[in-house]
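What follows is a single structure, written as structure tokens, with notes after it.
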Amino acid sequence: MSRLIQALMVTAALAMAGQAGAQQKDTPAYGGTLSAIVHPEPPILSPLLNTATPIVLVATKINDGLVDYASDGTIVPKLAESWDFSKDGLTLAFKLRKGVTWHDGEPFTAADVKFSIEEGLLKYSSTGKRIFKTLAKVETPDDYTVVLTLSQPTPVIYRNLNSQALWLLPKHLYEGTDIRSNAWNAKPIGTGPFRFTEYVRGSHIALDRNPNYWEAGKPYLDRIVFKVIPDAAGRAAAFETGAVQFGQQHPITFADAERLKKTGKFVVDTRGYEFSPTWFWLEPNHKNHYLQHLKVRQAIAHAIDRGLLLKTVWGGYGKPAISPIPSALKPFHLSEGLQQYPFDPKKAEQLLDEAGFPRKADGFRFKLTHDFIPYGDDYRRTGEFVRQALRRVGIDVTLGSQDLTTWLKSVFTDYNFDLISSWGGSGADPQMGIETRFWSKARQPGTAWTVVSEYKNDELDAALEDAQTQVDPQKRVEDYNTLQRIVQRDLPLIPLFEVDWFSVYDSRLRGLTDTPNQRADNFAGVYFASE
Amino acid sequence: MLPYLTRRLLLAVPLILGIIAFNFFLLQLAPGDLADVLASEQGGAAADAGYVAELRKAFGLDLPVLTQLGVYLKNVLTLDFGFSHRYGVPVATLITERLGGTLLLALTSLVLAVVIGTALGLLASRRPGGIVDSLVSVLSTIAYSAPLFWVGLMLVVLFGVHLQWLPTGGFQEVTQVPLRGLVLWGDRLRHLVLPATTLALFFVAIYARMTRASMIEAMSQDYIRTARAKGLSEGRIALRHGFRNALLPLVTMVGLQAGSLLGGSVVVETVFAWPGMGRLAFEAVSNRDLNLLLSIMLLSSFVVVAVNLTVDLLYAWLDPRIAVSA
């Protein structure tokens, strides 16, 4: 194993230590139906075509990946029994498990992997295209060996080999068809612990235990039913009546979570999101006459009481951001030595005066619009909080409220905004979700979630580009340190806070938060503890 | 009668084509398209060069607007309603899957509303200003003015969470399968009670008020006095002579309600997690799933045309003075 991967794993292991293991252990019991919430409704069940959270949540129970990640972040075998990654980071060889079959009985072989990567990921998966950008060839010396050869090392690849990112397709059902409109995308045939049974759109998706699962003795549950419950109050009621036992990523409101927690029948758990750290930011349009001034951006950063925002709007589930890389993303997160902008309205006013925008007769200095991401009430209230905070220091803010598609179009295609707020996932590696927010070459009109601020910094670009192929893990970390220093100094966007996602589940359930990426876990180890 | 029917049906064709075209252009005004939505769902990872453009090409969204409309119309004429690129299945499949749930909920609430509403209205009209009348008035005012989602939630809290008599959402028990025969129907009925009641309440109020008003008016007419003079029983007078004449405005209102059936109620379907057409349409709008939305609208316009026609024919039957002619 190369030094690079070892280093990556060790650092990941350190990061995750202490986060797992708190869950109590009972003897696993067989049987039972897990009734879970999936929201919003997944349109299809193929993460190859769409990596939206609900799709990943359901699909990863049906299909295993080559590898998975243990609670300490190390790579563990799934369909690949063992692997050999070359020292130069250019060759990744996987030995596949023998005797694994697809749910329709066909054997799983190296040909499926090769087909999935070449015909699927590289053609239709936007994530796949980015991760496997430097993939030169896929070879299958025999039915159970897959060798990936890269033209350039891509460290990001090692955190993206599980079923979420490298989704495997049964070649015999996809070959010669249009992969994008293949009917199996809505009723996947996989190799995982649960078999797709039915999808009643608007109601539920049912999966049944796969009796031929390769891992002997697993899974424990007989059945998983994912229920589509669009209304937050309806989801809380479903928990209370026992109609559902599990929901992830803020399934109910903060108030309801507190209430359910007090009954003792439910656990509200923030673990299981270590591989998907999420942060919330304000992004100013640098074309705006006012926002292009550093002092104005600094003033905005000083004007917002992040702690109060978290407490009043986000139920305390989160912590103020001190860097554009979330703290869960160790070893990349830099906790010290970065310029900070503590809550200080006086300082904010002073900075705005210095920038040359004194208060006018009406008490305001200038006007801005703020278009928050229309994901729901929490986001609207965050917008309202920001509006209040900025009005206090003399910036007259108008809140924009659109539907999501309108917002996407006006922000990412038309660049028609002053200030937006949104959350984003950093991914398990900053190259996935952080880079696109700052790398000027990532800017693409019409592509959601790319940088839209018009900010460009050559030093920053160089660091990000170096990180893409940097094999020395320490130097790669240094690249991202550079990013954090520049961002906190120049404030191309203003990090507000880190989101602590929580799951709610029945206190009899075990094995739900054992992995750092709960949504992509296959649930083979989940069971109801006997009381 | 027959020429009238034929003429009405023929007139419906350009009307429906017009509705499709109008809807199509209306949707073009909404910013963003399906490719934007799909790309955004991928999170930060979607930032691959040309990905959105590729999607647009694959969905035919890069074609000129008129060509897209032409393609859609041509497909519809051959009964091909197109493919929903968001759901990865043909639009016809999506709609037929939801049709049953929508019809069950909508028809149940329609029947409930008509039966309860007119019954209350009749009761109230017997003694205007009496205790029963006042009670019905108060109840219908509340039912009329309370927001649907609030009523729905209150019913959920009371009957679902506190009393645990009825399920809080969904259209059938899906964790214990398979249910069959009577058990299955019993289960569906239990799931139907709260959403159908919620959806019906608003119309119960309207029908009660309308029936009351038209009954009071009808009962003051000369022909009622004539009927009394003939010595007919009060019940017979009220139902055969009064109610039949009071029915006309009611039929118009039922027609209006029935016309909106297929569109469903987004609110009730959302609160009760009911898999109906309303939510499907709502999602189609917010995801800019053009093929799907156009087809739902097409189907709805069919229903509206059919209901209007039925109402017109009913008029003639109820009141022979209204002539139906070509």
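Below, read A as the first sequence line, B as the second, and so on, with proteins coming before strands; counting in each chain starts at 1.
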Examine whether an atom of B:T270 lies under 4.5 Å from a heavy atom of chain A, and if so say whether it belongs to the side chain, the backbone or both; otherwise answer neither. both
Neighbour count above 12 (heavy atom, 6.0 Å) for A:Y415 OH: yes
Given heavy-atom pairs under 4.5 angstrom as the criterion, report whether the side chain, backbone, both or neither of B:F282 touches chain A. neither
Residue part contacting chain B, namely of A:S203, when any heavy atom lies under 4.5 Å: both
Under a 4.5 Å heavy-atom cut-off, does chain A meet the side chain of B:V89, its backbone, both or neither? side chain
Interface check, chain B: of A:T405, A:D414, A:V56, most non-hydrogen pairs under 4.5 Å belong to A:T405
Does B:E283 pair with A:R201 as a salt bridge, N-O distance under 4.0 Å? no
Residue A:K123 versus chain B: region with a heavy atom under 4.5 Å: backbone
Please classify the contact between A:I229 and chain B as side chain, backbone, both or neither, with a heavy-atom cut-off of under 4.5 Å. both
Let me know if A:R180 has heavy atoms under 4.5 Å from chain B in its side chain, its backbone, both or neither. side chain
Against chain B, label A:N185 side chain, backbone, both or neither, depending on which of its atoms sit under 4.5 Å from a heavy atom there. neither
Proximal component of B:L94, with respect to chain A [non-hydrogen, under 4.5 Å]: side chain
Which bit of A:Y124 comes within less than 4.5 Å of chain B, counting heavy atoms only: side chain, backbone, both or neither? backbone
Relative to chain B, which segment of A:A206 carries a heavy atom at a distance below 4.5 Å: side chain, backbone, both, or neither? neither
Between B:E269 and B:R98, does any NZ, NE, NH1 or NH2 come within less than 4.0 Å of an OD or OE carboxylate oxygen? no
Is it true that A:Y199 and B:E97 share a donor-acceptor pair across their side chains at a distance under 3.5 Å? no
Answer with side chain, backbone, both or neither: which region of A:L49 has an atom nearer than 4.5 Å to a non-hydrogen atom of chain B? backbone
